[in-house]
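Following: one structure in structure tokens, then a few remarks.
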Amino acid sequence: MWWSYQDVEEQKKRLQREIAKRKKRGEKFEALPAPAGQKKLSTTFWGQSWCRNLESYQDYESRLPRGRSYLRQGKVYDLKIESGKLSAVVAGSELYDTSIIIQPLPKKQWQQIVKSSAGQVGSMLDLLAGKLGDGLMKVLTDPDGGLFPKPKEIRFICSCPDHADMCKHVSAVLYGVGVLLDTEPELLFTLRGVDQAELLSNASSAAIMDLSADTGDLAGVDLSAIFGIDLSAEVMPEPSAAKTAVKKAAKKKPKKG
């Protein structure tokens with residue numbers, strides 16, 4: 001073979017020297033740890049949903065396997081997820097700077113998601129752990145109206161010489177997002193430019209309104225005064241806290257006559 005074992009070893013040494021130089025300049029250069037010895041890269045609802053969405057687009061099909069291999073080999077460094085942007089350094093024959101620009105989630109689309117989630121999110125922990133009902137899961141992962149970006153909303157930038165729309169370095173970074181979401185699922189909301197607390201607030205508000213409708217003793221009572229909050233505000237109490245407060249208010253209501 002023209003590509004000998006010595007060539008591979010020399011390439012590794014060259015990359016290690018370059019990484020050492022960058023670390024001296026103050027760069028972290030931490031490899032994203034990918035799970036070894038298991039078929040799936042991601043193990044949680046959010047991580048697996050990201051990867052499934054990625055693999056559902058035929059435009060990406062031919063390039064994804066190489067990227068998955070790069071990630072498993074520990075070649076993705078310093079993956080950062082920000083609002084509308086992914087960035088990382090990927091080790092190939094050289095070190096390549098890779099950026100992926102992702103359009104923010106359209107406001108109208110997010111508002112529809114928030115509306116559809118009304119009363120269905122128990123707590124922030126449940127949301128981030130993916131402990132959601134089937135109906136809400138379907139809304140969040142819908143390929144057209146859900147949280148995950150579509151190909152037309154994604155733009156790739158890589159310093160490698162590969163002129164393909166999606167190079168293997170970009171593919172590795174995209175798969176890396178799925179791995180990172182296993183431990184930091186809130187980063188998906190950061191990436192799409194939305195606040196996950198709005199899903200919880202909507203659920204809490206719906207729970208309070210349901211309680212007021214079902215509690216005859218509290219008919220006409222100002223629930224905003226009971227809770228000491230503005231029910232139109234963004235941050236709402238947990239449904240469990242709301243239920244307790246309503247019960248206490250009912251007990252304290254003065255008797256007539």
Side-chain angles (χ1 to χ4, degrees), residues 1-44 46-102 148-149 151 153-184 187-188 190-191:
M1 291 179 62
W2 66 271
W3 187 248
S4 67
Y5 174 79
Q6 287 78 11
D7 292 325
V8 173
E9 287 301 304
E10 178 54 36
Q11 182 188 91
K12 287 181 180 179
K13 291 178 181 178
R14 188 173 65 252
L15 290 174
Q16 289 169 356
R17 288 194 294 268
E18 181 60 28
I19 290 172
K21 287 180 183 178
R22 292 204 181 192
K23 284 185 175 180
K24 283 185 178 180
R25 293 202 298 262
E27 296 182 40
K28 286 185 177 180
F29 244 89
E30 295 178 352
L32 179 65
Q38 61 186 49
K39 187 175 181 180
K40 294 182 178 179
L41 284 171
S42 301
T43 58
T44 67
W46 291 111
Q48 290 182 354
S49 295
W50 173 273
C51 291
R52 278 197 298 268
N53 182 75
L54 188 63
E55 292 164 355
S56 69
Y57 299 121
Q58 292 182 352
D59 297 356
Y60 300 164
E61 190 174 8
S62 63
R63 289 286 178 157
L64 290 175
R66 288 294 301 279
R68 192 162 52 236
S69 176
Y70 265 47
L71 180 62
R72 286 192 181 278
Q73 293 174 47
K75 293 186 175 184
V76 177
Y77 294 87
D78 296 343
L79 174 58
K80 184 184 294 184
I81 297 179
E82 303 171 276
S83 180
K85 183 179 179 181
L86 308 171
S87 59
V89 177
V90 182
S93 55
E94 303 289 343
L95 294 178
Y96 299 115
D97 295 309
T98 303
S99 298
I100 300 170
I101 308 302
I102 296 180
F148 300 103
E153 298 174 323
I154 306 174
R155 184 164 58 91
F156 310 126
I157 304 169
C158 186
S159 62
C160 76
D162 189 339
H163 298 296
D165 187 31
M166 175 192 274
C167 64
K168 51 184 173 290
H169 313 109
V170 163
S171 171
V173 173
L174 285 171
Y175 267 121
V177 174
V179 173
L180 205 52
L181 291 182
D182 274 354
T183 55
E184 298 180 73
L187 289 176
L188 174 61
T190 298
L191 178 64

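Count residues from 1 along the sequence.
Atom CD1 of Ile19 and atom CG of Leu95 lie 5.5 Å apart (nearest 0.5 Å). Going from atom CG of Leu174 over to atom CD1 of Ile100 covers 3.5 Å, rounded to the nearest 0.5 Å. A distance of 11.0 Å separates CG of Asp97 from CD1 of Ile157, quoted to the nearest 0.5 Å. Atom CG of Leu54 and atom CZ of Arg68 lie 9.0 Å apart (nearest 0.5 Å). The structure places OG of Ser62 at 8.5 Å from CE of Met166, a figure rounded to the nearest 0.5 Å. Once rounded to the nearest 0.5 Å, the distance linking OH of Tyr175 with CD of Glu55 reads 3.5 Å.
Inter-residue side-chain proximity for Phe148 and Leu188 is flagged as met; some heavy-atom pair is nearer than 4.5 Å. Val89 places a side-chain heavy atom less than 4.5 Å from the side chain of Arg22. With contacts defined as side-chain heavy-atom distances shorter than 4.5 Å, the pair Leu187/Leu181 qualifies.
Counting heavy atoms of neighbouring residues, nucleotides and ligands inside a 6.0 Å radius, atom CD of Glu82 exceeds 12 of them.
Salt-bridge annotation for Lys80 and Glu30: absent, with no side-chain N of the basic residue lying under 4.0 Å from a carboxylate O of the acidic one. Using a 4.0 Å cut-off between charged nitrogen and carboxylate oxygen, Arg14 and Glu18 do not count as a salt-bridge pair. With respect to the salt-bridge test (charged N to carboxylate O, under 4.0 angstrom), the residues Asp162 and Arg66 do not qualify.
Closest approach of Ser42 and Asp182 over heavy atoms only: CA-OD2, 3.2 Å. Considering all non-hydrogen atoms of both residues, Lys40 and Gln48 come closest at CD-NE2, 3.8 Å. Nearest approach of Val179 to Leu41, heavy atoms of both residues: CG2-O, 4.0 Å. In plain terms, the two heavy atoms of Ile154 and Tyr60 that are nearest each other are CD1-OH, 3.5 Å. The minimum heavy-atom distance between Val170 and Cys158, with the atom names listed, is CG2-CB, 4.3 Å. The shortest heavy-atom contact between Leu71 and Gly176 is CD2-N, 3.7 Å.
Distance alone, capped at 3.5 Å, is enough to place a donor-acceptor pair between the Ser56 side chain and the Asn53 backbone. For the pair Ser171 (side chain) and Arg63 (backbone), a donor-acceptor distance under 3.5 Å is present.
A perpendicular orientation is assigned to the rings of Tyr70 and His169, their planes being inclined by more than 60° (bins at 30° and 60°).
In this structure, Trp50 has no ring pair (Phe, Tyr, Trp, His ring centres under 6.0 Å) partners at least two apart in sequence or on a different chain.
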